[in-house]
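We name chains A, B, ... by the order of the sequence lines, and we start the count at 1 in each one.
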Amino acid sequence: MGIKTSNEKFFDRVEKGINDSFMRKAVVEAQGRLEGRKTQTTEELGNWEDWRDLAEEIRQHTLENLDYYLEQFVENVSNQGGHVFFAETAEEANEYITSVVKDKKAKNIIKSKSMVTEEIGMNGALEEIGCNVVESDLGEWILQLDDHDPPSHIVVPALHKNKEQIRDTFKVKRQYDKSSDPTELALFAREQLRKDFLAAEVGITGCNFAVAESGSITLVTNEGNARMSTTLPKTQITVMGMERIVPTWKELDILVSMLCRSAVGQKLTSYITGLTAAKEEGDVDGPEEFHVVIIDNGRSKILGTKFQSTLQCIRCAACINVCPVYRHVGGHSYGSIYPGPIGAVLTPLLEGYDDYKELPYASTLCAACTEACPVKIPLHELLIEHRKDIVEEAGKTSFAEKLAMKGYAFAMSNPGVYRIGSKAAPSVIGPIAKGGEGKGPGPVKLWTQIRDLPEPTGESFRKWFEGRDKKGDKS
Amino acid sequence: MKVSLFLTCLADVVYPASVGRSTVEILERLGCEVDFPKKQTCCGQPAFNSGFHKESREVAKHMIKTFESAEYVVSPSGSCTSMLHEYEKLFEDDLEWQVKAKELAKKSYELTQFIVDVLKIEDVGAEFNGNVTYHTSCHMTRLLGVKEAPMKLLENVKGLKFTELPFKQQCCGFGGTFSVKMVPISEQMVNEKVHHIEETEAEVLIGADLGCLMNIGGRIDRQGKSVKVMHIAEILNSRGEAG
């Protein structure tokens, strides 16, 4: 699939999202539920702000010393018989992964949830060489069955679908004949997936955190599917973003706890799996061969820039769960597998502004995201940084806006000009203040599409203040 | 105590005089000597948030100069006050102006913050009769960090029947240029806000930021609804009026 999920224009996607009343209801409910649970578990933990400071420090320290920790991790994986491949691009990663699969003469592949494999479009690459790739995360499986519907949330990918839609998908694609009861649906999925787990020659996983000191990878799930994907197939390939690393198990402990609380409001998810190397003699299960593919795909270009903090992200979606824009437009409006505030910051960094120039503006800068982020990424400030780059470097601002901003700066730093403008304002606003739908000059016209303006009444503040100055009346 | 009023461009140009007048009258009643530096314009936030930082810097310099000799700068806006605190970032490569920006930030307060934190007053002797609710604006709470002050002051207003706004932490959809650049999204956001306001059955929506109030009030008016929108300064300056 890759990062891009749609060829439609931004405002067309937004319109679609706004008109999808089911999706909007689902998002409002999910935001309420996830945010509510998060608040509960973080309050239970206590001193949440101190934990955030600590998590930020860990992530910053790791990024500052990323080369060191990556080297340590790679050394530890290799020393224990694992294979490591560092992929600079998505193509390189897919080439390596398909070559391992070909080498094993594998046809059936089982996957646990991984955003980075979506980012590099891995499933497509494997399907091209004739593999049957099965997503084993329930949400991802539903989307895969539904003709590869893109995810609309990074933790809850099928958030936009209701149980009736899921039942219908199962019915059409897998001859499901039972009800839309979630238990029945899940049971059916479980039965279907069991066959795929057993048939798989290769298991592919993402990686929530890699532990440098031991060369381990860790997976955080609630369904247990990641454990199945890593115990049954003979070959395991783990794909991870190059920033997804912690120095030791001590830091992992802290970040996992914060990830679970921030993502789904659980102290810990049902399964936190730590895997080190392939199966050893005496082990009852686990893969015989273990590969780690470390993905750059634009990340090292972000390191050392003003956007470096973006790489602190632990993919918890706390920012998405509080975002008032996401709330109304949904994940598909972003046109990227990474939606919401983190998506609006990250997507243009990875893919450039051409297809995503609207994303940094699709925010009121209300800072709910920044406040929610467990690793303290200043998301709303980074959106402003994007806007700045769009204006100053990318040159993607319209001539009219540039002119307007120049005019604005001139008027606002020249009180005389400002006064002339403000004296004229009532005569401009007055006639259109009430019900002047889509009337007025420039941005006023856009304002009045949906709102009235305050009616100018009586004397101005300045006149009033001057008047009492003259009278010496300050009572 | 000498206070220089930063009225903000919305209160100066777009809104009726009563917001500024109320701010002055409250501060004077509480013993402050209020002056109004006439050269003041806008805080520069529209340019800053749109990424036009060169333009924003020009405006910031003008504002820094305008308020250079002020002892305290007080403004009836959390958002514009928070912008004064952002100036420092605009002058990262200009030590001279950065120092000046820091000085301005240090002495700048939002109105309710100033009354509660500096004047140490929580009861301004106001009386306002009516059912009200309060919109917590995002920049005031999250960027400036002022959460308690307006509530403390409203608690002591006689006659006020207060109902908390459901989903009060949700942005109203103003967002400065967002309101005109992203009209369809802004519309959905403000619709939800108006809906929650109606749920409280309040006659008056109080806020401390004219940007939000202009957005919410403008939508309420367009929809022909009867909820009145008032700035917190107007409430705190009331002496027994009814909503």
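Put simply, of B:Gly218, B:Cys42, B:Cys138, the one with the most heavy-atom pairs under 4.5 Å next to chain A is B:Gly218. Interface summary for chain A: among B:Lys39, B:Glu86, B:Met189, the most heavy-atom pairs under 4.5 angstrom belong to B:Met189. If you tally non-hydrogen atom pairs under 4.5 Å between each of B:Ala11, B:Gly217, B:Pro16, B:Ser50 and chain A, the highest count goes to B:Ser50. In terms of heavy-atom pairs under 4.5 Å with chain B, the best-connected choice from A:Cys366, A:Pro324, A:Ala433 is A:Cys366.
For A:Glu371, the part lying under 4.5 angstrom from a heavy atom of chain B is the side chain only. With a 4.5 angstrom heavy-atom cutoff, A:Lys423 does not touch chain B via any of its atoms. Proximity to chain A is limited to the side chain of B:Val24, based on heavy atoms less than 4.5 angstrom apart. The contact between B:Asn215 and chain A is made by backbone and side chain atoms together, counting heavy-atom distances below 4.5 Å. Neither the backbone nor the side chain of B:Lys65 comes within less than 4.5 Å of any heavy atom in chain A. Using a 4.5 Å cut-off between heavy atoms, B:Gln170 contacts chain A through its side chain alone, with no backbone atom that close. Heavy-atom distances place the backbone of A:Ala411, and not its side chain, under 4.5 Å from chain B. Both the backbone and the side chain of B:Cys9 come within less than 4.5 Å of a heavy atom in chain A. Contact of B:Leu213 with chain A is not made at all, since no heavy-atom distance falls under 4.5 Å. Using a 4.5 Å cut-off between heavy atoms, B:Ile185 contacts chain A through both its backbone and its side chain. For A:Ile18, the part lying near chain B is the side chain, with the backbone staying farther off; criterion is any non-hydrogen pair under 4.5 Å. For a residue to count as touching a neighbouring chain, one of its non-hydrogen atoms must lie under 4.5 Å from one of that chain's; by this rule A:Tyr361 touches chain B with backbone and side chain alike. Contact annotation for A:Ser363: only backbone heavy atoms (N, CA, C, O) come within less than 4.5 Å of a heavy atom of chain B. In this structure, chain A has a heavy atom under 4.5 Å from the side chain of B:Leu7, while its backbone stays farther away. Heavy-atom distances place the side chain of B:Glu192, and not its backbone, under 4.5 Å from chain A. In this structure, the portion of B:Phe167 lying under 4.5 Å from any heavy atom of chain A is its side chain and not its backbone. Residue contact with chain B, scored on non-hydrogen atoms closer than 4.5 Å, involves the backbone and the side chain of A:Glu437 alike. Heavy atoms of A:His386 lying under 4.5 Å from chain B are absent altogether.
The nearest pair of heavy atoms linking A:Ile384 to B:His53 is CG2-NE2, 3.5 Å. For the residue pair A:Met405 and B:Pro46, the shortest heavy atom distance occurs at CE-O, 3.6 Å. Pairing each heavy atom of B:Val13 with each of A:Ala425, the nearest pair is CG1-CB, 3.3 Å.
Between B:Val183 and A:Trp447 there is no side-chain heavy-atom pair separated by less than 4.5 Å. Taking 4.5 Å as the limit, some side-chain heavy atom of A:His380 sits within range of a side-chain heavy atom of B:Leu143. Between B:Gln169 and A:Val322 the shortest side-chain heavy-atom distance does not fall below 4.5 Å. Two residues are said to be in side-chain contact when any heavy atoms from C-beta on lie closer than 4.5 Å; A:Leu365 and B:His139 meet this criterion. Inter-residue side-chain proximity for A:Phe465 and B:Leu5 is flagged as unmet; no heavy-atom pair is nearer than 4.5 Å. In this structure the side chain of B:Gln40 never reaches within 4.5 angstrom of the side chain of A:Met412, judged on heavy atoms. Contact of the B:Lys38 side chain with the A:Arg419 side chain is not registered, since no non-hydrogen atoms from C-beta on lie closer than 4.5 Å. Here the side chains of A:Glu15 and B:Pro184 are not in contact, with every heavy-atom distance at 4.5 Å or above.
With values rounded to the nearest 0.5 angstrom, B:Glu58 atom CD is found 9.5 Å from A:Phe410 atom CZ. Note that OH of B:Tyr15 and CD1 of A:Ile429 are 10.5 Å apart. Values are rounded to the nearest 0.5 Å. One finds the CZ atom of B:Arg57 at 13.0 Å from the OG atom of A:Ser413 (value rounded to the nearest 0.5 Å). How far CG of A:Asn414 is from NE2 of B:His62: 8.0 Å, rounded to the nearest 0.5 Å. To the nearest 0.5 Å, atoms SG (B:Cys171) and CZ (A:Arg327) are separated by 11.5 Å.
For B:Arg219 (side chain) and A:Ile450 (main-chain N/O), a donor-acceptor pair under 3.5 Å exists by modelled atom type. Formation of a donor-acceptor pair under 3.5 Å by the B:Arg222 side chain with backbone atoms of A:Arg451 is found in this model.
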Quiz item: Can you list the steps and then say if A:Thr370 with B:Arg142 is a side-chain contact (heavy atoms from CB on, under 4.5 Å)?
Solution: CA-CA 9 Å; A:Thr370 301; B:Arg142 298 202 183 99; over 6 Å; no
Practice problem: Tell me, with the steps shown, if B:Phe36 and A:Phe461 meet ring-ring contact (aromatic ring centres under 6.0 Å, His included). | Solution: CA-CA 10 Å; B:Phe36 179 77; A:Phe461 171 84; 5.1 Å; yes
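A salt bridge is defined here as a Lys NZ or Arg NE, NH1 or NH2 lying under 4.0 Å from an Asp or Glu carboxylate O, and A:Glu381 with B:Lys89 meets this definition. In summary, B:Glu28 and A:Arg468 engage in a salt bridge, as defined by a charged side-chain N under 4.0 Å from a carboxylate O.
Between the side chains of B:Gln188 and A:Arg24, at least one donor-acceptor pair of N or O atoms lies under 3.5 Å.
Under the 6.0 Å distance and 45° angle rule, A:Arg387 does not count as a cation-pi partner of B:Phe52.
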